[in-house]
Amino acid sequence: MIGFLTRIARWMRMQAAFDDLTIEAALTGSRDVALQILLIDSSIESLKRAEGLLDAIFELQTPRLHRLARQTPIRQTEDDLILAELWLS
């Protein structure tokens, strides 16, 4: 039972790290952080594959992201940035 709980705890820590990186990538627009997210996935077997996948994601999603940005502009306040910093630390 302890082994099972240990595996669950490890999985939860990995998910939390994934979520933290996802939020950081979204807030900063960092390609490097987005790449780290892909590299966490055990089905991505190489850096080259992760980079290719990220290129494809950006190529396919760029028109949608631009359209969304025009429709709903994001306005960050100082409070938003402080909350994001606390979340990421």
Does the side chain of Ile8 reach to within under 4.5 Å of the side chain of Met12, using non-hydrogen atoms?
-> yes
Taking only residues two or more places apart in sequence, or in another chain, which ones meet Arg13 in a side chain to side chain contact (heavy atoms under 4.5 Å, CB included)?
-> Ala9, Arg10
Distance from Gln15 atom CD to Thr22 atom OG1, nearest 0.5 Å?
->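 The OG1 atom of Thr22 is 9.0 Å from CD of Gln15, to the nearest 0.5 Å.
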Measure the spacing between CH2 of Trp11 and CZ of Arg7 and express it to the nearest 0.5 Å.
-> 14.0 Å
Please report, to 0.1 Å, the donor-acceptor pairs under 3.5 Å made by any side chain of residues 45-58, with sequence neighbours excluded.
{"residue": "Glu45", "atom": "OE2", "partner": "Arg49", "partner atom": "NE", "Å": "3.4"}
{"residue": "Ser46", "atom": "OG", "partner": "Arg49", "partner atom": "N", "Å": "3.0"}
{"residue": "Asp55", "atom": "OD1", "partner": "Arg31", "partner atom": "NH1", "Å": "3.3"}
{"residue": "Asp55", "atom": "OD1", "partner": "Arg31", "partner atom": "NH2", "Å": "2.4"}

Which pairs of donor and acceptor atoms, one on a side chain in residues 33-41, lie under 3.5 Å apart (sequence neighbours left out)?
{"residue": "Asp41", "atom": "OD1", "partner": "Ser43", "partner atom": "N", "Å": "2.8"}
{"residue": "Asp41", "atom": "OD1", "partner": "Ser43", "partner atom": "OG", "Å": "2.8"}
{"residue": "Asp41", "atom": "OD2", "partner": "Ser43", "partner atom": "OG", "Å": "3.4"}

